[in-house]
There are 2 protein chains.
Amino acid sequence: MGETPPFLANPETTRESIMRATYLALCEHGYAGLTIQRIAESFGKSKSLLYHHYDDKDELLLAFLQFMLEEHESSVPETADDDPRERLDALVDAMLPPELSAEHRGFTAAMVELRAQAAHDERYSEQFAEHDRAFQDHLVDVIEDGIEAGTFRDVDAERVAEFVGTTVAGAMTRRVTGGDDRAATTARDALESYVEQVLLADDTGADT
Amino acid sequence: MGETPPFLANPETTRESIMRATYLALCEHGYAGLTIQRIAESFGKSKSLLYHHYDDKDELLLAFLQFMLEEHESSVPETADDDPRERLDALVDAMLPPELSAEHRGFTAAMVELRAQAAHDERYSEQFAEHDRAFQDHLVDVIEDGIEAGTFRDVDAERVAEFVGTTVAGAMTRRVTGGDDRAATTARDALESYVEQVLLADDTGADT
DNA sequence: CCATACTGATCGAACGTTCAGTCAGATAGA
DNA sequence: TCTATCTGACTGAACGTTCGATCAGTATGG
């Protein structure tokens with residue numbers, strides 16, 4: 001649980017250090033146990049300093065959520081000239097890596113916990129709505145490109161993208177809140193067969 | 001946010017009243033704002049009384065989670081002699097009702113928030129693993145019945161069930177943590193088309 | 001010398017929890 | 001039937017702790 005995602009491995013500014021400390025504290029203690037004191041301990045500085053950089057805990061946590069979503073968004077691959085099906089797989093992999101390292105488990109758990117706050121905090125839900133929208137736009141792009149290229153059938157790209165996004169969200173949640181990690185691998189396999197049978201244009205190779 | 005699901009509308013025992021109060025407090029204040037004081041206020045009795053019935057907050061909340069999952073599980077329809085496809089739809093509807101009433105929104109939000117706790121509390125994740133397993137068993141039953149009846153193709157029922165369950169989980173999460181309710185309706189539509197194109201045996205009527 | 005980074009002491013509020021004690025009703029011995 | 005005993009539901013005041021937040025003041029680099 002001590003590993004750090006690459007995007008905050010080498011913080012350069014003080015604020016980035018605080019974001020990193022917040023992340024570590026969140027992974028270790030969970031959202032319910034996320035206190036200023038514990039963030040300060042991960043930070044290695046006094047908690048007063050946190051108030052020097054942020055007005056209050058609320059602002060810090062909101063900034064942290066925004067930081068996490070932006071960094072995650074920027075980790076989405078931007079391959080424009082590949083096979084549409086491979087590009088689709090790459091997008092799914094970005095959210096749902098096939099093997100769940102301790103590092104990525106911590107990240108996903110943090111995201112799931114933050115997302116749950118959106119149920120009662122409109123500012124959180126706005127952030128996640130925006131994030132979901134951005135990811136879905138990427139999916140739509142890939143699917144529409146695939147349709148134009150003739151690789152995919154002429155489906156409603158918007159609807160398919162929302163479906164894929166929803167399944168990915170479910171797999172992210174389940175893989176850190178259920179007993180084991182089956183959900184994610186099954187979701188990836190199932191999405192693949194879904195793509196094969198619903199999305200792919202011709203030469204159906206359904207073997208299962 | 002003041003509505004109550006039918007299964008705890010008329011509490012008969014004191015403990016049921018406490019479960020109801022806990023539910024109402026959770027809906028109103030969220031998990032982060034769920035205090036003994038607020039449960040007592042919804043309860044209409046003193047908070048000391050809560051400690052008369054439960055050792056501590058932890059035990060109360062764990063009992064509440066178990067209560068919620070059991071009641072939810074018992075709300076799953078048990079129709080044995082219908083069309084497999086309709087039975088499948090009924091199962092999905094039980095978790096993901098087509099129109100999200102204020103009552104059901106509160107319930108779903110509560111479930112999503114509780115589930116997020118499982119990321120850092122093994123006791124929670126065990127409960128949810130059990131709950132997911134039970135729901136998935138229902139799905140497997142229906143799918144296997146459908147295969148035997150010749151309505152469905154000879155798919156891997158276990159895998160399809162896990163896929164459907166994961167998508168449902170994602171839709172539940174998204175519909176209360178994103179801006180709008182599109183996720184749920186899209187998921188239902190997409191599951192339907194998935195069933196049509198992947199599960200259904202013959203006479204494919206793909207029109208979209 | 002001035003701004004920025006930073007600290008330790010400290011505060012009031014809110015939290016979970018405890019406890020002594022009240023009250024209504026059931027039980028039962030004389 | 002009167003009275004003593006017991007029980008379980010219930011309360012209000014209080015405890016110790018922890019939280020977020022404040023502030024006066026120190027160090028430090030330009």
Side-chain angles (χ1 to χ4, degrees), chain A residues 8 10-68 110 113-114 116-117 120-124, chain B residues 8 10-67 110 113-114 116-117 119-124:
Chain A
L8 37 70
N10 298 106
E12 290 174 359
T13 70
T14 304
R15 290 207 161 212
E16 277 182 17
S17 290
I18 295 178
M19 295 295 97
R20 177 174 179 273
T22 306
Y23 171 78
L24 291 175
L26 178 58
C27 285
E28 189 167 359
H29 307 287
Y31 190 90
L34 188 63
T35 69
I36 292 283
Q37 177 63 44
R38 287 181 169 149
I39 296 173
E41 279 163 15
S42 294
F43 186 27
K45 304 285 175 65
S46 75
K47 61 178 182 172
S48 311
L49 186 54
L50 296 175
Y51 284 98
H52 180 71
H53 290 276
Y54 297 93
D55 282 349
D56 51 24
K57 191 188 181 187
D58 222 50
E59 192 202 311
L60 196 163
L61 259 46
L62 225 53
F64 174 68
L65 172 62
Q66 199 159 358
F67 177 82
M68 289 281 279
E113 289 205 88
L114 288 175
Q117 308 308 315
H120 283 89
D121 192 320
E122 205 170 314
R123 296 166 305 176
Y124 278 55
Chain B
L8 38 69
N10 298 106
E12 290 175 357
T13 70
T14 304
R15 288 208 162 211
E16 278 183 16
S17 291
I18 295 178
M19 295 296 97
R20 178 173 179 274
T22 305
Y23 171 79
L24 292 175
L26 178 58
C27 286
E28 190 167 357
H29 306 287
Y31 190 90
L34 188 62
T35 69
I36 292 283
Q37 177 64 43
R38 289 189 166 140
I39 296 173
E41 279 164 14
S42 293
F43 188 26
K45 304 286 174 65
S46 76
K47 57 181 179 170
S48 311
L49 186 55
L50 297 176
Y51 285 96
H52 183 71
H53 290 277
Y54 298 93
D55 281 350
D56 51 25
K57 190 188 181 188
D58 222 51
E59 193 202 309
L60 195 163
L61 259 47
L62 225 54
F64 174 68
L65 172 61
Q66 198 158 359
F67 177 82
E113 288 206 89
L114 288 175
Q117 307 309 314
H120 284 90
D121 192 321
E122 206 171 313
R123 298 166 304 175
Y124 278 55

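A, B, ... follow the sequence lines: proteins, then strands. Residue 1 opens every chain. Quick note: numbers below take in every heavy atom, side chains included, and nothing from hydrogens, waters or symmetry partners.
The side chain of A:S48 lies closest to D:dC23, out of C:dC6, D:dG20, D:dC23. Counting only heavy atoms from C-beta on, B:H52 has its side chain closest to D:dG8 among C:dT17, D:dG8, D:dA21.
One atom, OH of A:Y54, and another, P of C:dC6, lie 13 Å apart when rounded to the nearest Å. One atom, CD1 of A:I36, and another, P of D:dG20, lie 6 Å apart when rounded to the nearest Å. Summarising the geometry, the separation between OH on B:Y51 and P on D:dG12 is reported as 17 Å, rounded to the nearest angstrom. For B:L60 and C:dC15, the CG to C1' distance is 15 Å, given to the nearest whole Å. Atom CD in A:E59 sits about 11 Å away from atom P in D:dA21, given to the nearest Å. At whole-Å resolution of the value, NE2 in B:H53 and C1' in D:dT11 are 13 Å apart. One can place CZ of B:F43 at 14 Å from P of D:dG12, the figure rounded to the nearest angstrom. Atom CG of A:D55 is separated from atom C1' of D:dT22 by 13 Å (rounded to the nearest Å).
Using a 4.5 Å cut-off on side-chain heavy atoms (C-beta onward), B:H120 and A:Y31 make no contact. Two residues are said to be in side-chain contact when any heavy atoms from C-beta on lie closer than 4.5 Å; A:Y23 and A:M19 fail this criterion. Side-chain contact between B:L62 and B:Y124 is present, with heavy atoms from C-beta onward closer than 4.5 Å.
For the pair A:R15 and A:Y54, the cation-pi criterion (under 6.0 Å, within 45° of the ring axis) is fulfilled.
Looking at heavy-atom distances under 4.0 Å, A:L49 makes contact with a base. Residue contacts for B:T35: at a heavy-atom cut-off of 4.0 Å it reaches the sugar-phosphate backbone alone, with no base atom in range.
Heavy-atom nearest nucleotides on DNA chain D were determined for B:S46 and for A:L34, and the one closer to the 5' end corresponds to B:S46. Nearer to the 5' terminus of DNA chain D, by closest-nucleotide assignment, is the contact made by B:T14 (compared with the other of B:K47 and B:T14).
When every heavy atom of B:A40 is checked against every heavy atom of B:S46, the shortest pair comes out as CB-C, 4.0 Å.
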